[in-house]
Structures are given as structure tokens and as C-alpha cells.
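Just so you know, residue 1 is the first one in the sequence shown, and it goes up from there.
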Amino acid sequence: MHLKSKTIYKSAVISAFITILITLSITVFILHSPQYHPQKLLTEYIHAVYSNDLETVYNYSAVKNSEFISKQAFKENFTGFRFTEKNLADFRIERISVENNKTLCFSVSYLAEDSSEGTFYMEAEISEKGIFGLNKYLVCPDKSLFAGLTVCAPDGTAVSLNGKDLEQYKTDENTASGIIFNIKYLLPGTYSLKSENGLCLPYEDKINVKNKGETAGYHINQIISKDAFDSLCSITESHFNMILQAAVHQDYSALKKLFSAEFTESRFDNYTDELGKAFYIGEAYTVTAAEAFDFEPQTDCETVALSASSEINIPFQFNYSYTAENRDFNGEEYTAQKKDCGILYIQYIRENGEWKINNITQQIWF
């Protein structure tokens, strides 16, 4: 073997050896790291609680991912907490369920030093993906130690609490029409909330989180901006005239795109059936054309709010004209041009970034 070839071969062997060594080191680390093994994690967590090793308790706790509780604040609020006031002689951990494919629930059966027995329950949640894509876990601390907060906001809203963006606290319960933020770990106190939505005026408020062990709820209802309000009024006139034309021709297939998914599924057919009856009275009387105009909202935009579920309600008064064909008792046909005023109550919802009709009633007479 040439000297150059020997050198290359030797380098390859060394590289392979180093790779194997690194792989073995990582494997050993994973095998011994509690954060990759929930039951081992809980075991060490329990020992840390009873030995008052608050540094370990914090490092193994999901609270360390919270932007609202510092390590020092955690230690101050955790001091003195134990799962049971009795000293434990032994305990056994068993997994009992999995929630939302993320949280593991465990029962801990214990034997106390006074020979009494009991059970308490703990949870561990996936905190992130670790080495080789394996799940890393953290312990969910006892809920009695901290307060929680659930914030519901309209679709497309950016929310901050004490200047910290809540984007990472979005939950899997978010819908096409609203956002839910769930902050599990807070300490009682007053928090500054701000929210911004391109359709609304800026919003600020103070939230009082009172009691540990409880989750407070907060719904953001933001006043709509003048531009968004005027746009909705214009959209309403266009949409309602489309509805009138569909009713005249008794063909509603093109209207479904105007309505929310929930309305289309559960109420659309009933709505169009009733509307159709108003236009086609019978063989002797039929409305053959209709147009609505002069829409006037019956509320000021300063009082119209986009709710936390992304709904907005606006009543309108409008004028309309229509053509009616009638046949008298002698069978003679005649056409009449008529005008009247009507009332419209309409609810919009933000669905996937668009305004959709979520409810509608009108008072019109032919």
C-alpha cells in the first residue's frame, strides 16, 4: 500500500472511530437524561421536591418556559410545597393516560414513613424535540401553585401581555373565526394587555389575575375602525342585492360563498326557502325584479365592536324597488312598479381572513 493510501485509510479509520464515539456518547446521554424519560423525570422531580432542591425542580418544570415567571419568583412560590405533608418511604409511578398527544398523566402510589398509603397525580408534557427527533419532557407543576389566564381574541389579532407577544401561547382550540391564548403559569397580580387588529382601533386594558389554582378568562372586543365599518356597509349593499337577485330567479347556488361554513351547513336552506316564498307568492302574483339601495346603518361605528369570536352585528335601514306581476280574477295580467323601505339585521364573522355572513334577517314586504 502506498504511503498516501495508508494515510487516507488511517484518517478514515480515525474519523469513523470518532463518529462511533460521538454516537455512543449521545446514546448514553439520552439513556441517562431524565428529560427523555418521563417516569425517570418524575422520579427525580419528586426527590427534588422533598429535598427542597429548587434548582432541579425549576429545571425539570414546564414553568421554566414561561416568560412571566422568573427562576427566583418560581422558587419563592414553590417553597414549602410537597405533594403530601408526610415523608415518603417509597413510591411507584404508573402512566394512566395521554391528553392531546402532548401531555402524559401519571398516578403516584406512595408509602409514607408512618406506613400510611396514598396516591397523587402528576403530568409531564412534551416541551420540544431533542436529539434524533426524540421527545423531551418537562413536569407540569401543581396547578395550585400558580394562576392561569385564557385570552380569546378575534381572528388576525396580535396580543401582548406585559409587552410580551402571546403568539407562542396559541392553543389547538383556535378556530377559523377566533384565537385562544392559554397562559398556564402566572402569579397573582395586575397585567397590561394590548391587542392590535388591522380592522379595529388599538386596544389596551388591565387584567387582574387574582387566585392561584384558578384560570381567569378574558375576551377581547375591539371597536371597529371607520374604514372597516364603511367597507362593511358597502359590502352589505352588494351582498344583499346578490341575495335579492338569487331570490327573484330562485337560484341560490352562487350565494354560498357569501356565508360562513356554519351557516351554510345548518341554516342556509331554511333561510333561502323562506326568502323564496316571499318573492314567489303563487301563480297569480310574482316578484320579477328587485333592487335595494340607500343603505343606512342604524348604529355608529364608534359603538360597533368585533367580538372575541370575530363576530360583528350591524342593523341597516334601506329603500328598495321591485316589479310585481299580478293576474286578476279575469285572468288579465298587469305589471306594477313599487317602492318601499326595509330593515336588515346582519351578522358578519371573520373566517379565514374574510368577512362571511353568519346570520341575517330582513323585513321586506311585496
Checklist entry - Which residues satisfy the ring pair (Phe, Tyr, Trp, His ring centres under 6.0 Å) test with Tyr50, sequence neighbours excluded? => result none

Tell me whether the count of non-hydrogen atoms from other residues, nucleotides or ligands lying under 6.0 Å of [atom1] in [X] goes above 12.
X: Lys75; atom1: NZ; answer: yes
X: Glu196; atom1: CD; answer: no
X: Arg95; atom1: CZ; answer: no
X: Glu265; atom1: CD; answer: no
X: Lys64; atom1: NZ; answer: yes

Measure across [X] and [Y] and return the closest heavy-atom pair with its distance rounded to 0.1 Å.
X: Pro154; Y: Ile179; answer: O-CD1, 3.5 Å
X: Trp365; Y: Cys341; answer: CZ3-O, 3.4 Å
X: Cys233; Y: Pro297; answer: SG-CG, 4.0 Å
X: Tyr203; Y: Asp205; answer: OH-OD2, 3.8 Å
X: Arg92; Y: Glu94; answer: NE-OE2, 3.2 Å
X: Tyr36; Y: Asn135; answer: CD2-O, 3.5 Å

Next on the checklist: Before you tell me yes or no, could you show the steps for Gln168 and Asn65 under side-chain contact (heavy atoms from CB on, under 4.5 Å), namely the whole-Å CA-CA distance, both residues' side-chain angles and the distance that decides it to 0.1 Å?
Outcome noted: CA-CA 11 Å; Gln168 66 171 301; Asn65 289 335; 6.0 Å; no

Tell me whether [X] shares a hydrophobic cluster with [Y], the cluster being built from Ile, Leu, Val, Met, Phe, Trp, Tyr side chains joined at under 4.5 Å.
X: Val209; Y: Leu161; answer: yes
X: Leu138; Y: Leu186; answer: no
X: Leu187; Y: Tyr169; answer: yes
X: Leu54; Y: Phe83; answer: yes
X: Val57; Y: Leu41; answer: yes

Less than 4.5 Å apart, any side-chain heavy atom of [X] and any of [Y]?
X: Lys86; Y: Asp114; result: yes
X: Ile364; Y: Asp340; result: no
X: Tyr185; Y: Cys140; result: yes
X: Tyr322; Y: Leu244; result: no
X: Ile46; Y: Ile93; result: yes

Can you measure from [atom1] ([X]) to [atom2] ([Y]) and round to the nearest 0.5 angstrom?
X: Leu193; Y: Lys206; atom1: CG; atom2: NZ; answer: 10.0 Å
X: Ile220; Y: Cys152; atom1: CD1; atom2: SG; answer: 8.5 Å
X: Gln39; Y: Leu42; atom1: CD; atom2: CG; answer: 7.5 Å
X: Leu344; Y: Ile314; atom1: CG; atom2: CD1; answer: 10.0 Å
X: Ile180; Y: Ser309; atom1: CD1; atom2: OG; answer: 10.5 Å
X: Gln250; Y: Thr286; atom1: CD; atom2: OG1; answer: 9.0 Å

Using only atom types and a distance under 3.5 Å, with no angle test, would you say the side chain of [X] pairs donor to acceptor with the backbone of [Y]?
X: Ser51; Y: His47; answer: yes
X: Gln298; Y: Glu296; answer: yes
X: Gln245; Y: Ala290; answer: yes
X: Asp300; Y: Glu302; answer: no
X: Glu325; Y: Thr288; answer: no
X: Asn162; Y: Ser192; answer: yes
X: Asn197; Y: Asp155; answer: yes
X: Asp251; Y: Ser253; answer: yes
X: Gln362; Y: Gly342; answer: no
X: Asn313; Y: Gln347; answer: no

Checklist entry - Angle class for the Phe81/Phe78 ring planes (parallel below 30°, perpendicular above 60°, tilted otherwise)? => result perpendicular

Next on the checklist: Using the side chain to side chain donor-acceptor pair (under 3.5 Å) criterion, which residues pair with Thr264? Sequence neighbours excluded.
Outcome noted: none

Item to check | side-chain contact (heavy atoms from CB on, under 4.5 Å) between Glu291 and Tyr320, worked out | outcome: CA-CA 5 Å; Glu291 180 184 8; Tyr320 64 101; over 6 Å; no

Checklist entry - Under the side-chain contact (heavy atoms from CB on, under 4.5 Å) criterion, do Ile349 and Phe263 qualify, and how do the steps go? => result CA-CA 11 Å; Ile349 190 169; Phe263 188 96; over 6 Å; no

Checklist entry - Applying the side chain to side chain contact (heavy atoms under 4.5 Å, CB included) test to Tyr271, which of Ile243, Thr361, Asn359 qualifies? => result Ile243

Checklist entry - Could you walk me through whether Phe91 and Phe120 pass the ring pair (Phe, Tyr, Trp, His ring centres under 6.0 Å) check? => result CA-CA 10 Å; Phe91 57 87; Phe120 55 85; 7.6 Å; no

Item to check | Residue pairs passing the ring pair (Phe, Tyr, Trp, His ring centres under 6.0 Å) test where at least one lies in residues 228-256, sequence neighbours excluded | outcome: Phe240-Phe318

Item to check | CA sep, side-chain torsions, deciding dist, call: Ser160, Asp165, side chain to side chain donor-acceptor pair (under 3.5 Å) | outcome: CA-CA 4 Å; Ser160 65; Asp165 184 11; over 6 Å; no

Checklist entry - When you check the side-chain N and O atoms of Asp142 and Ser144, is any donor under 3.5 Å from an acceptor? => result yes

Next on the checklist: I'd like to know whether Tyr45 forms a ring pair (Phe, Tyr, Trp, His ring centres under 6.0 Å) with Tyr60, so could you lay out the CA-CA distance, the side-chain angles of the two residues, the decisive distance to 0.1 Å, and finally the verdict.
Outcome noted: CA-CA 7 Å; Tyr45 185 87; Tyr60 286 171; 7.4 Å; no

Checklist entry - Run the side-chain contact (heavy atoms from CB on, under 4.5 Å) check on Met122 and Val139 step by step: do they pass? => result CA-CA 8 Å; Met122 299 180 68; Val139 178; 3.9 Å; yes

Item to check | Under-4.0 Å salt bridge between Lys226 and Asp230 | outcome: yes

